[in-house]
Chemist: 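This is the structure, below, for whatever I ask next.
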Amino acid sequence: MTLQTQKYASTAVVLHWLIALCIICNVVLGLGANYVPDAWVRPMINLHKSIGITVLGLVLVRIAWRLTHKPPALPENYAPLERLAAHTVHFLLYALILALPLTGWIHDSAFALAAQHPLILFGVIPWFRLGFITDLAPAAKDHIHSLFGMIHTYLGYALYGVFALHILGALKHQFWDKDPEIQRMWF
Ligand code: HEM
């Protein structure tokens, strides 16, 4: 099989790098908000929410694309264990990039001061909270807010680990095995 036929389609490449960029920005914003002056926290978290909701939309498009388009086969020289590792890591990445925005959105919808802080994507597009959560009693909302805040944080930790495996795998194939790995996910 030629390199040409082994590459991902341009739509998959655009979605891959766009989502990767958004997720890196969101990790920097989410973690960074713990270390900046108070006046910066709200604008940083607002941008974080805007990017996160955008990622949710992009991930849904990506999953729909993935279910309707067969990805290029892995190179034949991959060992069976490497194939299993690659498929497992890819599946976990899909699960995490879907679960992170969803848990963030649930956490935010249960925010006691949500009414005073409307969700406006990039300061321009008014967005909705999840009505079945905003309608709950204050005590239930507080519980959901802290529970999903914690789940969101732990999913972040899982993301760092799985993301590291993903990068290490790609670098191993690119530089150790000298396979054109990064070119598969480029135009
Ligand atoms: C690409 C998707 C997302 C990623 C990768 C992500 C990641 C993160 C990370 C790493 C943190 C810092 C956690 C810590 O302090 O260790 C964080 C915090 C936070 N995220 Fe997200 N997030 C995403 C989407 C969202 C969405 C869609 C919302 C809400 C609409 C949201 C709301 C929040 C809030 C409010 C915090 C602060 C939590 C707190 O300290 O109370 N996130 N996020």
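First listed ligand is number 1; within each ligand, the first listed atom is number 1.
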Chemist: Quick check, are the ring centers of H117 and F111 under 6.0 angstrom apart?
Modeler: yes
Chemist: Would you verify that at least one protein heavy atom lies under 4.0 Å from atom 40 (O) of ligand 1, or report that none does?
Modeler: no
Chemist: For atom 36 (C) of ligand 1, grab the closest protein heavy atom and report residue, atom and distance to one decimal in Å.
Modeler: I45 CD1, 4.0 Å
Chemist: Can you tell me the protein heavy atom closest to atom 20 (N) of ligand 1 and the distance?
Modeler: H48 NE2, 2.7 Å
Chemist: Show the nearest heavy-atom pair for residues F122 and S50, with the distance to one decimal.
Modeler: N-OG, 2.8 Å
Chemist: Show which atoms of ligand 1 fall inside a sub-4.0 Å distance from at least one heavy-atom site of I53.
Modeler: 27 (C)
Chemist: List every atom of ligand 1 that sits less than 4.0 Å from any heavy atom of G52, numbering the atoms from 1 in the order shown and giving each element.
Modeler: 24 (C), 27 (C)
Chemist: Let me know which of L147, L130, I151 forms a side-chain contact (heavy atoms from CB on, under 4.5 Å) with I106.
Modeler: L130
Chemist: Classify the contact between Y160 and ligand 1 as side chain, backbone, both or neither, using a heavy-atom distance cut-off of under 4.0 Å.
Modeler: side chain
Chemist: Do the side chains of Y8 and L21 join up, straight or via other hydrophobic residues, at under 4.5 Å, putting them in one cluster?
Modeler: no
Chemist: Should I24 and V36 be regarded as members of a common hydrophobic cluster, given that ILVMFWY residues are connected when their side-chain heavy atoms come within less than 4.5 Å of each other, either directly or indirectly?
Modeler: no
Chemist: Less than 4.0 angstrom from a charged side-chain N to a carboxylate O is my criterion; do K172 and E82 meet it?
Modeler: yes
Chemist: Could you walk me through whether N77 and D177 pass the side-chain hydrogen bond (donor to acceptor under 3.5 Å, both in side chains) check?
Modeler: CA-CA 9 Å; N77 56 333; D177 300 336; 5.8 Å; no
Chemist: Can any side-chain N or O of K141 pair as donor or acceptor with the backbone N or O of T134 at less than 3.5 Å?
Modeler: yes
Chemist: Y154 vs Y157, test: ring pair (Phe, Tyr, Trp, His ring centres under 6.0 Å). Steps then yes/no.
Modeler: CA-CA 5 Å; Y154 280 107; Y157 298 153; 5.5 Å; yes
Chemist: Tell me the nearest of N26, L98, L155 to atom 3 (C) of ligand 1, using heavy-atom distances.
Modeler: N26
Chemist: Numbering the atoms of ligand 1 from 1, which are under 4.0 Å from a heavy atom of V55?
Modeler: 1 (C)
Chemist: Using a cut-off of 6.0 Å, state whether more than 12 heavy atoms not belonging to L67 lie near its atom CG.
Modeler: yes
Chemist: List the closest protein heavy-atom neighbour of atom 11 (C) of ligand 1: residue, atom name, distance to the nearest 0.1 Å.
Modeler: G30 CA, 3.7 Å
Chemist: Which atoms of ligand 1 have any heavy atom of L31 under 4.0 Å away?
Modeler: 12 (C), 14 (C), 16 (O)
Chemist: Among protein heavy atoms, which lies nearest atom 13 (C) of ligand 1, and at what distance?
Modeler: T153 OG1, 3.7 Å
Chemist: Between L58, I97, L100, flag the one that comes closest to atom 5 (C) of ligand 1 by a heavy atom.
Modeler: L100
Chemist: Any idea which protein heavy atom is nearest atom 38 (C) of ligand 1, and the distance to it?
Modeler: H107 NE2, 3.7 Å
Chemist: With a 4.0 Å heavy-atom cut-off (strictly under), which part of N34 contacts ligand 1: side chain, backbone, both or neither?
Modeler: side chain
Chemist: Please determine whether H152 has a backbone or side-chain N, O or S atom lying under 2.8 Å from atom 21 (Fe) of ligand 1.
Modeler: yes
